Amino acid sequence: MRVRSLHPDGLEASCLHEARRLWFRKSAHQWLHLKVQTLEPHGRDLKLACFQVEHRDQAEQLALAQVGLDRSELPEPDEDEAYWVDLIGSQVVNQSGLVLGDVERLETNGVHDWIVVGPHWIPFVEAYVLEVNLGQRLIRVDWDPSWMA
């Protein structure tokens, strides 16, 4: 199978190439946990073989599946970093104390990331994100609810 890393700094910076086990998301509620047999660079992608995938039709069933890692295989983020999954569900509050909602997801456009809170797509950059408090699951932003990105 071929796997593409979405790491913004490229394949070399990705944790995928060191993974011993991978999760494949086949549907919203169906994940498959597979043990990696071989994983090697192949152009911009990784060439992957898993012990439980022995036939082409099994591999084809995983086409377009999202691939993830166990949290235990990820390095600890630096003090000023966070994994996206840790931000999802955090409450977003603007400078006036108005609760804009909870982080539904994060997106990227290649230039920078976005926090998606209901209709608000807030650029995840220093100019708009004032504070991220993972312990309180709170993100303070400089954002007016009338603005639309």
Side-chain angles (χ1 to χ4, degrees), residues 1-93 100-143 147-149:
M1 295 180 283
R2 284 185 146 184
V3 176
R4 173 152 301 160
S5 171
L6 299 178
H7 195 288
D9 295 329
L11 184 58
E12 302 78 32
S14 171
C15 295
L16 274 177
H17 64 278
E18 298 173 1
R20 298 187 192 288
R21 291 186 157 282
L22 293 172
W23 287 95
F24 288 79
R25 184 178 185 187
K26 295 176 66 175
S27 68
H29 302 289
Q30 186 179 14
W31 287 85
L32 187 60
H33 199 206
L34 299 178
K35 187 174 180 185
V36 174
Q37 184 174 9
T38 61
L39 190 60
E40 56 192 48
H42 188 79
R44 291 182 22 209
D45 300 333
L46 289 164
K47 189 173 159 184
L48 168 69
C50 293
F51 286 104
Q52 299 95 323
V53 179
E54 298 174 358
H55 304 287
R56 181 184 184 100
D57 59 323
Q58 291 173 311
E60 287 174 350
Q61 290 178 14
L62 298 174
L64 302 177
Q66 291 180 333
V67 178
L69 295 167
D70 281 339
R71 181 67 179 250
S72 63
E73 295 205 41
L74 299 173
E76 285 298 316
D78 289 337
E79 189 175 315
D80 64 338
E81 295 179 329
Y83 287 111
W84 282 12
V85 68
D86 296 333
L87 300 175
I88 295 171
S90 295
Q91 187 176 67
V92 179
V93 178
L100 300 175
D102 295 339
V103 176
E104 296 170 12
R105 67 184 188 281
L106 286 96
E107 298 282 343
T108 188
N109 66 2
V111 176
H112 57 76
D113 301 330
W114 299 81
I115 303 171
V116 181
V117 183
H120 306 285
W121 283 55
I122 303 168
F124 195 43
V125 296
E126 194 173 337
Y128 296 106
V129 177
L130 307 174
E131 177 189 4
V132 175
N133 187 319
L134 291 175
Q136 293 181 359
R137 301 198 38 80
L138 179 69
I139 300 175
R140 294 192 189 284
V141 296
D142 181 6
W143 192 258
W147 299 345
M148 292 296 186

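Keep in mind the model is a prediction, meaning the values are calculated, not measured. When reading the values below, keep in mind they use all heavy atoms of this one structure, side chains included, and skip hydrogens, waters and symmetry mates.
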Checklist line | Close side-chain approach of Ile139 to Asn133, heavy-atom, < 4.5 Å | finding: no

Item checked: Leu48 side chain near Leu22 side chain, heavy-atom distance below 4.5 Å -> yes

Check: Taking Asn109 for the side chain and Val111 for the main chain, is one N or O donor matched with an acceptor at less than 3.5 Å?
Finding: yes

Notebook entry, point to check: Can you say whether the rings of Trp147 and Trp143 are parallel (under 30°), tilted (30 to 60°) or perpendicular (over 60°)?
Noted result: perpendicular

Next item on the list: Kindly indicate whether the side chain of Ile115, heavy atoms from C-beta on, has any atom under 4.5 Å from the side chain of His120.
Entry: no

Notebook entry, point to check: What are the two closest non-hydrogen atoms of Cys50 and Leu34, and how far apart are they?
Noted result: SG-CB, 3.9 Å

Margin query: How close do Ala82 and Leu134 get, counting heavy atoms only, and between which atoms?
Written below: CB-CD1, 3.9 Å

Next item on the list: Measure the shortest side-chain to side-chain distance between Leu69 and Leu16 over non-hydrogen atoms and say whether it is less than 4.5 angstrom.
Entry: yes

Check: In Å and rounded to the nearest 0.5 Å, what is the CZ to CD distance from Arg56 to Gln61?
Finding: 13.0 Å

Notebook entry, point to check: Do the side chains of Gln91 and Arg137 get nearer than 4.5 Å, heavy atoms only?
Noted result: no

Item checked: Euclidean distance, Leu39 CG relative to Leu46 CG, rounded to 0.5 Å -> 4.5 Å

Item checked: Val141 vs Leu130 side-chain heavy atoms within contact, under 4.5 Å -> no

Next item on the list: Could you tell me the separation between the CD atom of Glu76 and the CD atom of Glu81, rounded to the nearest 0.5 Å?
Entry: 11.0 Å

Check: Would you call Pro123 and His112 a side-chain contact if the rule is heavy atoms closer than 4.5 Å?
Finding: yes

Note to self: Before you tell me yes or no, could you show the steps for Arg2 and Lys47 under side-chain contact (heavy atoms from CB on, under 4.5 Å), namely the whole-Å CA-CA distance, both residues' side-chain angles and the distance that decides it to 0.1 Å?
What the structure shows: CA-CA 5 Å; Arg2 284 185 146 184; Lys47 189 173 159 184; 5.6 Å; no

Next item on the list: Check step by step if side-chain contact (heavy atoms from CB on, under 4.5 Å) holds for Val116 and Leu106.
Entry: CA-CA 6 Å; Val116 181; Leu106 286 96; over 6 Å; no

Next item on the list: Determine whether more than 12 heavy atoms belonging to other residues, nucleotides or ligands lie under 6.0 Å from atom NZ of Lys35.
Entry: no

Check: Is the number of heavy atoms from other residues, nucleotides or ligands under 6.0 Å of Glu126 CD greater than 12?
Finding: no

Margin query: Using a 3.5 Å distance criterion without hydrogens, assess whether the side chain of Asp70 forms a donor-acceptor pair with backbone atoms of Ser72.
Written below: no

Check: With a 6.0 Å cut-off on ring centres, are His33 and Trp31 close enough?
Finding: no

Next item on the list: Give a yes or no on whether the backbone of Glu60 and the side-chain of Asp57 come within a donor-acceptor separation of less than 3.5 Å.
Entry: no

Check: Would you find more than 12 non-hydrogen atoms of other residues, nucleotides or ligands less than 6.0 Å from Gln52 atom CD?
Finding: yes

Next item on the list: Looking only at non-hydrogen atoms, find the nearest pair between Arg21 and Val36 and report the distance.
Entry: N-CG2, 4.0 Å

Notebook entry, point to check: Got Leu87 and Val132 here, is their nearest side-chain heavy-atom distance under 4.5 Å?
Noted result: yes

Next item on the list: Any chance you could lay out the side-chain contact (heavy atoms from CB on, under 4.5 Å) test for Val92 and Ile122, step after step, and finish with the verdict?
Entry: CA-CA 10 Å; Val92 179; Ile122 303 168; 4.1 Å; yes

Item checked: Heavy-atom closest pair, residues Ala19 and Glu73 -> CA-OE1, 3.1 Å

Check: Does a salt bridge link Arg105 with Glu107, judged by any charged N lying under 4.0 Å from a carboxylate O?
Finding: yes

Next item on the list: Begin from the C-alpha positions of Leu62 and Leu32 and carry the test side-chain contact (heavy atoms from CB on, under 4.5 Å) through to its verdict.
Entry: CA-CA 9 Å; Leu62 298 174; Leu32 187 60; 4.0 Å; yes

Checklist line | Exercise: identify the closest heavy-atom pair between Val67 and Phe24 | finding: CG2-CE2, 3.6 Å

Check: Quick check: does any side chain N or O of Gln30 sit under 3.5 Å from a backbone N or O of Arg25, one acting as donor and the other as acceptor?
Finding: no

Note to self: If I compare all heavy atoms of Met1 with all of Ala59, which pair ends up nearest, and what's the gap?
What the structure shows: CG-CB, 3.6 Å

